[in-house]
There are 2 protein chains.
Amino acid sequence: MARKVSRRGGNIVTIHDVARHVGVSPMTVSRVINGEKNVREETRQKVMEAVEALNYTPNLAARSLASQDSSRIALIYSNPSMSFLSELLLGILEQSSQSGCQLTIESCDGPEGVADVLDKLKTVGVDGVVLPPPLSDSSRVAKALKDMKLPFVGVATSRPSPDAPSVSIDDFKAAFAMTSRLIQLGHRRIGFIKGNPNSYYSQLRYEGYVAALAKGGLKADEALVGQGYFTYRSGFDAAETLLTRADRPTAVFASNDDMAAGAVATAHRLGLDVPQDVTIVGFDDTSMASSVWPELTTVRQPISDMAALALKLLLEQIKARRSGQTYVPIHEIRDFSIIERQSSSPLTPDLNA
Amino acid sequence: MARKVSRRGGNIVTIHDVARHVGVSPMTVSRVINGEKNVREETRQKVMEAVEALNYTPNLAARSLASQDSSRIALIYSNPSMSFLSELLLGILEQSSQSGCQLTIESCDGPEGVADVLDKLKTVGVDGVVLPPPLSDSSRVAKALKDMKLPFVGVATSRPSPDAPSVSIDDFKAAFAMTSRLIQLGHRRIGFIKGNPNSYYSQLRYEGYVAALAKGGLKADEALVGQGYFTYRSGFDAAETLLTRADRPTAVFASNDDMAAGAVATAHRLGLDVPQDVTIVGFDDTSMASSVWPELTTVRQPISDMAALALKLLLEQIKARRSGQTYVPIHEIRDFSIIERQSSSPLTPDLNA
DNA sequence: ACTGGAAATGGTAGCGCTATCAAACGCGAT
DNA sequence: ATCGCGTTTGATAGCGCTACCATTTCCAGT
């Protein structure tokens, strides 16, 4: 155990210890650690073993100091959907600690808040910005950032800015898949609760629903579509209109989990059992989906992974920009999945009669 | 604008630029930045101005490298209450970026998961651990950490380990205050939904409720107390028992927000309006409280601040330990507050009849 | 004025890592 | 063997900041 006691007390294994242990130069160890290619396989092996044996972990502070890639990146959000945010944070955190970048989280409420926050970023000095929805859909924010010449990345955007990379799922396809699943379960009268009309992905989800109905040979009925605003309350209200109809839908697809939860509450209030009397499904798989009872069947976005990837793309962009290369924004599409929980069931025969 | 172009491309303002601008040594600037005392007021002033003028921001990587205080700290959680977690993360993140420490977030589900995670921390090598509830209440985890000689800090614990610092609110006092408030609103039959009996703070909240009833001259009625487990579902079920009674309570105090939200759902299902027919209040002020409708009146814990403070205490502890000093754990108590939203109202006269 | 000791400031030497370039090595072709 | 060229390795010099100690400045007490 080659341990070195540093000048100031702590005792830590450094790259030099590993180098000495193997009998190579620190530089070689560095190369192995960073996965560079010009290292003989045999050498790489020996270094890896030493790293393992000495239980070496790189000092991120030193690394980012030396490599000058210590980017300051800001995550700004205006969406108070904490459950979405925390998933996002988990992913971003993991990536940022791996990439060794300084992270700042800024909340901006209200529309003028955004401007203030951007101003602050300008004076404080950040190297890039991560934009979760709904900011990632705002062309105003995108333009402001572009004018500031500040690189940014959009997470879960349906309308990626052409100037910046983004990571998202295919909202249309996801809504299509979920609707198809409901049809497959035997549902024929399928209601839909739209999200905020300002959001483009809200539109895409609706279109996916309509397309799936068409493909299933069902005609879209405007009366089965409610307008919501992505809030619990709006789902609660919209569901009331849908579920008090004489020919109420046997399934309701709310375009996010909060609205779905609100719809479940309304169903309960109307004396309807979920999913016995009505199937209700959501979108996003935020913590809300598994908090309420019955737990919601929903479309899962791998938010954490998406966030991590987004940060990675952002850092690449910054690096490219620094070295003067032109950077072509990448728009990455991740896979969604459908999580079936207790809020959905096949259409029961008697209701079909 | 004294800007220096670094060897590798970036151009950043360093402590040297500030020093040159003022005409002092970098050391003095460093002292001013770090708020050390042995600096003449006049000098401090000038340095501050230069910092402002040049828009200097310290490079955290360099700082933690030089001062060797780059602690690796881990946040381990087993509670899937995402809303609580995200608040926590926000606070921790802010503090960690200020203190320049490396943060790792680890989830451990199941009871054996904790052991695995601790094992991992051991091999990876961390300098300290932050424990949010319910882990912060587990004497088993505390003992394991103590055996590993790993400093830790508890956030929102009601049963702080004597060996480690902690930050929490006074759960008893908070429950007492909320119950008193309900009494003040005219309620006389006040129900309570307990949390998981394994949690000590669950017990404290219950005791606060009982004490407030006593002080208000009301006798505690076991029939108005339901057993829950801090989950939505458990609140949903417990509320059913309470609210279907002939002499149902006019107010229900659920000992966390998830259970309160479940109780609201049950009330709705039973055809009761909240708060017209029954007042329902929660505890914690997680995002759940403001997601549902009506939004919940609840006890607010300043989770974010508490988390930030906890991290600070942990770092102090680590520092003290490194320099060989004995460290006396500090148990910090923060103030709670009662947030009144739409789920509570004064007792309406006719119900009192 | 003059000393002594505290307060303020500066010089030096790294913290652990990596960019850069120079050196050493391998190896097929001559 | 010798050359040439690409691959692998090493020596050096910082990245921006702070710990540590040396130095200077200040001011009370004589």
Side-chain angles (χ1 to χ4, degrees), chain A residues 2-20 22-47 51 54 56-72 99-100 102 319 322-323, chain B residues 2-20 22-47 51 54 56-72 99-100 102 319 322-323:
Chain A
R3 289 216 158 221
K4 176 179 156 193
V5 173
S6 96
R7 170 159 58 105
R8 288 145 197 174
N11 57 345
I12 13 71
V13 183
T14 78
I15 209 171
H16 289 88
D17 300 320
V18 178
R20 208 172 320 122
V22 183
V24 296
S25 84
M27 221 23 248
T28 304
V29 177
S30 170
R31 277 193 265 261
V32 171
I33 307 268
N34 292 59
E36 286 174 36
K37 51 193 170 189
N38 285 342
V39 180
R40 217 174 354 141
E41 188 49 37
E42 187 194 332
T43 315
R44 177 186 308 281
Q45 212 67 289
K46 280 195 293 186
V47 171
V51 165
L54 298 181
Y56 164 79
T57 16
N59 180 325
L60 298 182
R63 194 209 300 268
S64 54
L65 179 58
S67 56
Q68 283 293 282
D69 68 356
S70 150
S71 311
R72 269 189 269 263
S99 315
Q102 295 174 23
K319 202 165 183 178
R322 274 202 185 134
S323 57
Chain B
R3 287 214 161 226
K4 176 178 157 195
V5 173
S6 94
R7 167 159 60 108
R8 288 143 199 177
N11 56 346
I12 12 71
V13 183
T14 77
I15 209 171
H16 289 88
D17 300 321
V18 178
R20 209 173 317 123
V22 183
V24 295
S25 84
M27 230 10 258
T28 305
V29 177
S30 170
R31 278 193 265 261
V32 171
I33 307 267
N34 293 60
E36 287 174 33
K37 51 193 171 188
N38 286 341
V39 180
R40 221 176 349 144
E41 188 49 37
E42 185 193 333
T43 315
R44 177 187 308 282
Q45 211 70 290
K46 281 194 294 187
V47 171
V51 165
L54 298 180
Y56 164 80
T57 16
N59 180 322
L60 298 181
R63 174 180 297 178
S64 51
L65 179 58
S67 55
Q68 284 292 283
D69 68 356
S70 152
S71 311
R72 271 189 269 264
S99 318
Q102 297 175 22
K319 202 165 182 177
R322 275 200 185 135
S323 56

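Chain letters run A, B, ... following the sequence lines, proteins first and then strands; every chain starts at 1. Everything numeric in this text was worked out from a predicted model, so none of it was measured.
- The minimum heavy-atom distance between A/Ser25 and A/Ala19, with the atom names listed, is C-CB, 3.7 Å.
- When the side-chain nitrogen and oxygen atoms of A/Ser67 are compared with OP1 and OP2 of C/dT18, none of them lie within a distance under 4.0 Å.
- Taking both residues in full, the closest heavy atoms of A/Pro58 and B/Arg72 are given as O-NH1, 3.6 Å, listed atom of the first, atom of the second, then distance.
- When rounded to the nearest whole Å, the span between CD of A/Glu36 and P of C/dT18 equals 9 Å.
- B/Ser67 places a side-chain N or O within donor-acceptor distance of the main-chain N or O of B/Arg63, the cut-off being under 3.5 Å.
- Regarding contacts with the backbone of D/dA11, every side-chain N or O of A/Ser25 stays at 4.0 angstrom or more from both OP1 and OP2.
- Distance, B/Asn34 CG to D/dG16 P: 17 Å, rounded to whole Å.
- Nearest to the side-chain atoms of A/Leu65 among the listed nucleotides D/dC15, D/dC17, C/dG10 stands D/dC15.
- The separation between A/Arg44 atom CZ and D/dT7 atom C1' is 13 Å, rounded to whole Å.
- Atom CD1 in B/Ile15 sits roughly 11 Å away from atom P in D/dA19 (whole-Å rounding).
- Where B/Asn38 and B/Ala62 each meet DNA chain C at their nearest nucleotide, the meeting point lying more 5' is that of B/Asn38.
- Taking atom CD1 on A/Ile33 and atom C1' on C/dC17, their separation rounds to 10 Å, with Å as the unit.
- Look at CZ on A/Arg31: it is 8 Å from P on D/dG10, rounded to the nearest Å.
- For the pair B/Met27 CE and D/dC17 C1', the interatomic distance rounds to 9 Å; values are reported in whole Å.
- Here B/Thr28 reaches the OP1 or OP2 of C/dG10: one of its side-chain N or O atoms lies under 4.0 Å away.
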